[in-house]
Amino acid sequence: MAALSTDRMTTWLLQAADDLEQAKTMLTELDTPIGDSDHGVNMARGFAAVRDKLRAAPPADVGSLLKTVAMTLISTVGGASGPLYGTFFLQASTKATGKTSLTLAEWTECFEAGLTGLMARGKAQPGEKTMVDALAPALEALKAAAAQPLEQALAAAAAAAAQGMVATIPLQARKGRASYLGERSIGHQDPGATSSHLLLRRLAEPAG
Amino acid sequence: MKKLINAPEAVVAEALDGMEAAHAGLIKVCRAPDFIMRADAPVAGKVALVSGGGSGHEPMHGGFVGRGMLDAACPGAVFTSPTPDQMFEASKAVNGGAGVLHIVKNYTGDVLNFEMAADLARADGIDVESVIIDDDVAVEDSTWTAGRRGVGTTVLAEKICGGLAERKAPLTTVAEMCRRVNAQGRSMGMALAACTVPHVGKPSFELAADEMEIGIGIHGEPGRHRVKLETADRITEMLMEPVLADLPFKSGDPVLMFVNGMGATPTVELYIIYRKAAEIARKHGLKVVRTLVGSYITSLDMAGTSITLLKMDEEMLTCWDAPVLTPSLRWGA
């Protein structure tokens, strides 16, 4: 049965670091009208640090991999995204302790723990124009695809995240700096939902 | 973009080098993680005050580190909250055994990172209290937003709590004072022109020559309303009205009036604002007992101003007047 090995997960995060470096300007431009123009730079900086850490000392299991990612993001990203993504990976890591690969069911469990932690840390619910709007539908898609092959489930999750990301455009922000704009936040795609989608898309579609 | 920088990514580190070189007797700069601390910290038996936030608001917070004000300040990247390891290491470094007060401006990133830092410090056996400053009346509807932003009152809270901590008041008392200052302070700001974040390279929003933005924050985010440019007197009225309406300032109340520059506004214009603001306060029967006029909480090169009114009491007056010796605020010391 197909599974997410430590190698596959490490490759995912290394490639995600490249994606975020390339998306730096795009994310910052999304963040300029409704945020503070720092999301792209912060995410690129954080994942560059993750890449350095993973290359210097490749973790032996998925749990320690996710924990390394969490601690690195918490100490390098700053802004709201650092603690939020950091909490996601930290809580996800607690469900992967000592495991050298994850089944779809195990990854779904990690994802749910991560999302629950992230939502508690950010006190956020779906529909508030945040990364939760990409991540929550992705979790639902993973659960709905429980009986399907792993790759199909990951693709479904990425597609759901893409839909959720686009669906943030008409929303009025209720969290973070975008919320200060009131109705003026409507019509802009949320940068956090966008970076969340980038991550999930790369997990579903490894490069090369 | 025209700026006095060498490279966008070097801005914060090079500014820290400069601060350390310029104010060696007052402060020490620690690196990786970065924070600025009082040269004589930890002070035994004194509650330590730790604040922090994104860079670009100078002199806040690093310029307020020193005797009678902050024990440490943690600078993030420009307009980006610092990370928990900074506040955790700073709290350890300045804790004199009487505990640490975190003064946090209400921005999602700052609040989340300080929460994680407080968890780490408590796990390390340090007594930590956190007070969130949220004094910006421009944010009208709290249930629909992340709550009011922390702006001008932050500077006043850091000074007043610093004065109280210097008298060896216990942590709960200093935290209580900080909450009182926040509860009695209100601010409102406006911009004539947006700021340019170094790594972005262009203004964070565009204003036509005859437009201004009312209700701006301090991170280049646009404000609540974009309106036609008015005279200084009319702008002052537009800032004072919501501030006065928000807190029940009564006739005869003693207040501290703080007219702040956003970074690119000359002091001469701030006094034109102050002149009208003081007149409006007088008409409301308020007694302006203390004043602060200057650029203390800025937004890079944004042009504009903010007005903060703080309702004072005897203890707050005493703490405000107490000696302070920091790079950017000093009197009586």
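Just so it is clear, the structure is predicted and the values come from calculations on it, not from any experiment.
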Under 3.5 Å, is there a donor-acceptor pair linking the side chains of A:S5 and A:D7? no
- prompt: Quick check: are there more than 12 heavy atoms from other residues, nucleotides or ligands sitting under 6.0 Å from NZ of A:K95?
  reply: no
One pair to check against salt bridge (charged side-chain N to carboxylate O under 4.0 Å, His left out): B:D246 and B:R186. What are the steps and the verdict?
CA-CA 8 Å; B:D246 200 83; B:R186 294 291 187 280; 2.5 Å; yes
Quick note, side-chain hydrogen bond (donor to acceptor under 3.5 Å, both in side chains) partners involving residues 51-62 of chain B, not counting sequence neighbours, are B:S51-B:H61, B:S51-B:E158, B:H57-B:H219, B:H61-B:K105, B:H61-B:E158
Residues of residues 125-142 of chain A with a heavy atom under 4.5 Å from any heavy atom of chain B, in residue-number order, are none
When the 4.5 angstrom heavy-atom criterion is applied to A:D38 and chain B, the contacting part is both
Sequence neighbours excluded, the answer for ring pair (Phe, Tyr, Trp, His ring centres under 6.0 Å) partners of B:F88 is none
When the 4.5 angstrom heavy-atom criterion is applied to B:N113 and chain A, the contacting part is both
Test item: A:E106 side-chain N/O and A:T103 main-chain N/O as donor-acceptor pair under 3.5 Å
yes
Listed by number, the residues in residues 78-89 of chain A that come under 4.5 Å of chain B (heavy atom to heavy atom) are A:G78, A:G79, A:A80, A:P83, A:L84, A:T87
Bottom line for A:E183: the part with an atom under 4.5 Å from chain B's heavy atoms is neither
ask   = If you count the non-hydrogen atoms of other residues, nucleotides and ligands that lie under 6.0 Å from NZ in B:K202, is the total more than 12?
value = no
message = Could you tell me if B:N182 and B:R179 have a donor-acceptor pair between their side chains, going purely by distance under 3.5 Å?
response = no
Value for OG1 (B:T305) from CG (B:L239), rounded to nearest 0.5 Å, stands at 7.0 Å
Count the heavy atoms belonging to other residues, nucleotides or ligands that lie under 6.0 Å from CD of A:Q189, then report whether that count exceeds 12. yes
Turns out that what part of B:E115 lies under 4.5 Å from chain A's heavy atoms comes down to both
Practice task
Run the salt-bridge test on B:D301 and B:K2 with the 4.0 Å N-O cut-off and return the result as yes or no.
Solution key: no
Rounding to 0.5 Å, atoms CG (A:L4) and CG (A:L102) come to a distance of 6.0 Å
Okay, A:T28 and chain B: the region with an atom under 4.5 Å from a heavy atom over there is side chain
Ranked by heavy-atom pairs below 4.5 Å to chain A, first place among B:G217, B:G109, B:G53, B:P33 goes to B:G109
Whatever's closer than 4.5 Å to a heavy atom in chain B on A:R121 counts as both
One should read off an interatomic distance between A:F111 CZ and A:L203 CG, to the nearest 0.5 angstrom, of 9.0 Å
From the list B:V78, B:T108, B:T80, the residue making the most non-hydrogen contacts under 4.5 Å with chain A is B:T80
